[in-house]
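Notes follow once the structure below has been shown.
Just follow the structure's listing: the first ligand is 1, and inside any ligand the first atom is 1. The structure displayed is predicted, hence computed values, not measured ones.
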Amino acid sequence: MKTSLQLFICLAMLLSMVEADPEPLQDYCVADTKSTFFINGAPCINPKFVVSSHFATSALAKRGKTSGSQFGSNVTLTNTANLPGLNTMGLTLARIDIDGNGIVPPHSHPRASEVTICLEGALLVGFVDTSNRLFTQQLRPGESFVFPKGLIHFLFNLDSSKPALAVSGLSSQNPGDQISSLAAFTSKPSMPDDILKKAFQINGQDVSKIRKNLGGSSYFERT
Ligand SMILES: *[C@@H]1O[C@H](CO)[C@@H](O)[C@H](O)[C@H]1NC(C)=O
């Protein structure tokens, strides 16, 4: 009896830790993109001034530029700046353009699960769970895959000659992104070499080389 109660409390605590974004308290809260307040989300403009265009965006209409990308990909996201009507809705839409054999490198979203649909090309997608088990799937146009919240995942264009296009929905208006390689090797300030040497079982030259190769780049824009 006592153990089942403890189990129940543990489950309840675990469930409360995987909550989605807070529920909206009104029909909509169109983001005031000029506000300088920092609150959980963005402040709303007066509903009297809300118009249809606040709920529309062409932010994902164009291909993201991949030419400057060392990974051969570009992820374009909706956010409260380019789609103010999305504020408090707990949603993000992403357009993912991947060159031939390009990747969206292993990364995680601390605040969102993600469901992706392949629209063009041939993708290999996958994630690693917390027991270090890898799940992968090949996607053809029209096929979808789910990346569970917080888990490290990737997308790879299997075709060397044709670009791929995928669109993802994410369960937060601000999913957050951490690319595993960039978090380890290009943080500012840098993680101490001794930590990276031990963690990756490499020497100081390897650390410098990887840092240089990754070039201190950022990938996702911060919102
Ligand atoms: C992604 O594409 C946008 C629009 O073309 C561009 O402004 C941005 O710099 C690109 N990001 C990367 C990482 O190349």
Side-chain angles (χ1 to χ4, degrees), residues 31 33-34 42 53-87 91-127 139 141 144-145 147 150-191 196 208-223:
T33 52
K34 300 201 173 65
S53 62
H54 285 127
F55 300 102
T57 184
S58 54
L60 308 188
K62 282 201 229 67
R63 239 187 99 72
K65 197 158 65 67
T66 51
S67 52
S69 162
Q70 59 202 324
F71 302 123
S73 66
N74 191 316
V75 179
T76 316
L77 298 168
T78 62
N79 52 45
T80 56
N82 61 26
L83 184 52
L86 210 63
N87 190 36
L91 296 167
T92 291
L93 200 60
R95 173 189 176 125
I96 304 157
D97 291 291
I98 314 180
D99 288 345
N101 281 165
I103 58 164
V104 179
H107 67 283
S108 65
H109 306 292
R111 293 179 288 275
S113 304
E114 171 174 353
V115 59
T116 196
I117 181 165
C118 174
L119 296 180
E120 288 168 23
L123 289 175
L124 177 75
V125 297
F127 69 88
L139 300 183
S144 297
F145 193 75
F147 306 115
L151 299 183
I152 293 173
H153 58 281
F154 61 83
L155 297 91
F156 170 53
N157 181 356
L158 290 163
D159 194 323
S160 60
S161 58
K162 288 196 215 79
L165 172 65
V167 167
S168 287
L170 294 106
S171 62
S172 168
Q173 74 174 41
N174 189 12
D177 318 283
Q178 280 192 301
I179 297 193
S180 312
S181 54
L182 300 186
F185 287 93
T186 70
S187 68
K188 292 195 182 63
S190 298
M191 227 183 262
L196 296 173
S208 309
K209 182 167 182 217
I210 296 171
R211 280 219 177 97
K212 188 162 152 271
N213 290 350
L214 292 175
S217 62
S218 62
Y219 186 77
F220 291 102
E221 79 241 57
R222 178 87 183 274
T223 52

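Atoms of ligand 1 found under 4.0 Å from any heavy atom of Gly64, numbered from 1 in the order shown, are 2 (O).
Remark: the Ser161 side chain and the Asp159 side chain contain an N/O donor-acceptor pair separated by less than 3.5 Å.
Between the CG atom in Leu151 and the OG atom in Ser108 there is a gap of 8.5 Å [rounded to 0.5 Å].
When Gln70, Lys62, Lys65 are ranked by how near their heavy atoms come to atom 14 (O) of ligand 1, first place goes to Lys65.
In terms of N/O distances under 3.5 Å, ligand 1 is approached by Asn74. Backbone and side-chain nitrogen or oxygen atoms of Arg63 are examined, and none is located within less than 3.5 angstrom of a nitrogen or oxygen of ligand 1.
When the side-chain contact (heavy atoms from CB on, under 4.5 Å) test is applied to Leu119, the partners found at least two apart in sequence or on another chain are Ile117, Leu165, Val167.
The pair Lys62-Asp97 does not meet the salt-bridge criterion, since no charged nitrogen lies less than 4.0 angstrom from a carboxylate oxygen.
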